[in-house]
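What follows is a single structure, written as C-alpha cells, with notes after it.
These values consider heavy atoms only, across backbone and side chains, with no hydrogens, waters or symmetry-generated copies.
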Amino acid sequence: MTTVLSDESMTKRGLKKDVWALEEDGDSCSRIKKQNVEEEEEDDDSSDSESDSDSDVGSDSEWAQYSYVSEREPEWDVDSFDGREFKINPRIRKMYPNQELYDKYYNNRLKAFESKGFLPDPLSGIYNLHIEKQNGEMDLIADLANVCIKNFNESKEKTLELVNVVRVNVSGLAKWKLYITFMAREYPDGPLVEYQAKVLHFITEPELLPFPILCRPSPKLKI
C-alpha cells in the first residue's frame, strides 16, 4: 500500500519543499497576489506620468492572466503544458534595476517553462522536493514513478524498468502533482536512459490511488 505523507510528517522526517514553498499561505499563487498588491501601492505613490505608463501595461485582471493557469482534468499521456504560451507580464520588468538582471530572470523562467514542470518554477507553484537523504520517502517516490511506468509499458508494449530517481518537483497542497525525473533501462541490461514521469498523489485522501499522467524519455536539451 502506498505511504501517504502529511505536511506534518514531512517536516518530522526532513522531507520538505523548497524554502519558497514554506512561505505559501494555502494558495500556490499567494506570493504573486501579495506582490501584485505591493506594486499597486507603489503605483498609488508614483507620479501621473508613471501611472499613465502602468495603464498601458494592463489592469489587474490582465495581470492575473499571466499568473494563473487553469488546469484541465488529467488524462493519461496528455501533458497539461502542451498548448500553453510562455508569457511574463511587462510590469515585472520595472522591478529590475537593469536589463541584465531582468534577462537572467526571464531566461530562468523560460527554461523552467520549457521543462514542462521538471525544473522548479516557484512563481508558477512548482517546487523542488528534497528527498536525497530520506530512504523511506525515496521508496514512496519510486512507487509513484512505477505507477506511471506500469501504464507506459502496458499502453506501448515496452519493458521499461526504473533504476533510480534523479530529482522530484511538486505542485499543489492536498493533491500533489509530482514531476519525477529518473534513470531507467528500456530492456534488460540496456544502457541507462533518463525518463520523466508525472503523477497525482492524494495526500489527504489515502483511499484514492495515485493517478498516472505520463511517462516519457526526457527531451534532449536545446543547444
**OP:** Only counting residues at least two apart or in another chain, list the ones meeting salt bridge (charged side-chain N to carboxylate O under 4.0 Å, His left out) with K150.
**Re:** E154

Subject >> Between CZ on residue R84 and OG on residue S124, distance to nearest 0.5 Å >> reply: 8.0 Å

Subject >> Taking every non-hydrogen atom, the tightest pair across C148 and I213 >> reply: SG-N, 4.3 Å

Subject >> Pairwise side-chain contact, E114 with L110, heavy-atom cut-off 4.5 Å (strictly under) >> reply: yes

Original post:
If you look at every heavy atom in L209 and F202, which pair is closest and at what distance?
Top reply: O-CE1, 3.4 Å

Original post:
Do the non-hydrogen side-chain atoms of K198 and S80 ever get within less than 4.5 Å of each other?
Top reply: yes

Original post:
Would a distance-only check, ignoring hydrogens and angles, find a side-chain to backbone donor-acceptor pair under 3.5 Å from N153 to L160?
Top reply: yes

Got a list of side-chain donor-acceptor pairs under 3.5 Å for residues 184-193, not counting sequence neighbours?
from, atom 1, to, atom 2, distance (Å)
R185, NH1, G190, O, 2.5
E186, OE2, Y195, OH, 2.5

**OP:** Identify the heavy atoms of I180 and F182 that sit nearest to each other, and give their distance.
**Re:** O-CD2, 3.8 Å

Original post:
Below 6.0 angstrom between ring centroids: does that apply to F86 and Y106?
Top reply: yes

Subject >> Same apolar cluster (I L V M F W Y, side chains within < 4.5 Å links), M138/V166 >> reply: no

Original post:
Around atom CD of Q99, are there more than 12 heavy atoms of other residues, nucleotides or ligands at under 6.0 Å?
Top reply: yes

Original post:
For Y179, does its backbone N or O pair with a side-chain atom of N169 as donor and acceptor, under 3.5 Å?
Top reply: no

Original post:
Does L162 belong to the same Ile/Leu/Val/Met/Phe/Trp/Tyr cluster as V199, with side-chain heavy atoms less than 4.5 Å apart forming each link?
Top reply: yes

**OP:** For the residue pair K175 and L208, establish whether any side-chain heavy-atom pair is separated by less than 4.5 Å.
**Re:** no

Original post:
Got Y102 and I88 here, is their nearest side-chain heavy-atom distance under 4.5 Å?
Top reply: yes

Original post:
If you round to the nearest 0.5 Å, how far is CZ of F113 from CG of L119?
Top reply: 13.0 Å

Original post:
So, for W76 and S155, which heavy atoms are closest and what is the spacing to 0.1 Å?
Top reply: NE1-OG, 3.6 Å

**OP:** Determine, stepwise, if the pair H201 / I203 fulfils side chain to side chain contact (heavy atoms under 4.5 Å, CB included).
**Re:** CA-CA 6 Å; H201 179 45; I203 297 294; 3.5 Å; yes

**OP:** Given side chain to side chain contact (heavy atoms under 4.5 Å, CB included), test D77 with K156 step by step and report yes or no.
**Re:** CA-CA 11 Å; D77 211 22; K156 301 184 183 296; 3.5 Å; yes

Subject >> Rounded distance (nearest 0.5 Å) linking atom NZ of K116 with atom OG of S218 >> reply: 12.5 Å

Original post:
What pair of heavy atoms forms the shortest contact from V168 to N128, and how long is it?
Top reply: O-ND2, 3.3 Å

Original post:
Going from CD1 on I149 to CG on D143, what distance comes out if it is rounded to the nearest 0.5 angstrom?
Top reply: 10.5 Å

Original post:
Would you call L129 and E137 a side-chain contact if the rule is heavy atoms closer than 4.5 Å?
Top reply: no

Subject >> E194 atom CD, neighbour heavy-atom count above 12 within 6.0 Å >> reply: yes

Original post:
Quick one: CG on L101 to OH on Y96, what's the gap to the nearest 0.5 Å?
Top reply: 8.0 Å

Original post:
To the nearest 0.5 Å, how far apart are CG in D121 and CZ in R109?
Top reply: 4.0 Å

Original post:
If you take all heavy atoms of A112 and P120, which pair is closest and at what distance?
Top reply: CB-O, 3.6 Å

Original post:
If we only count heavy atoms from C-beta on, is the P219 to F118 side-chain gap below 4.5 Å?
Top reply: no

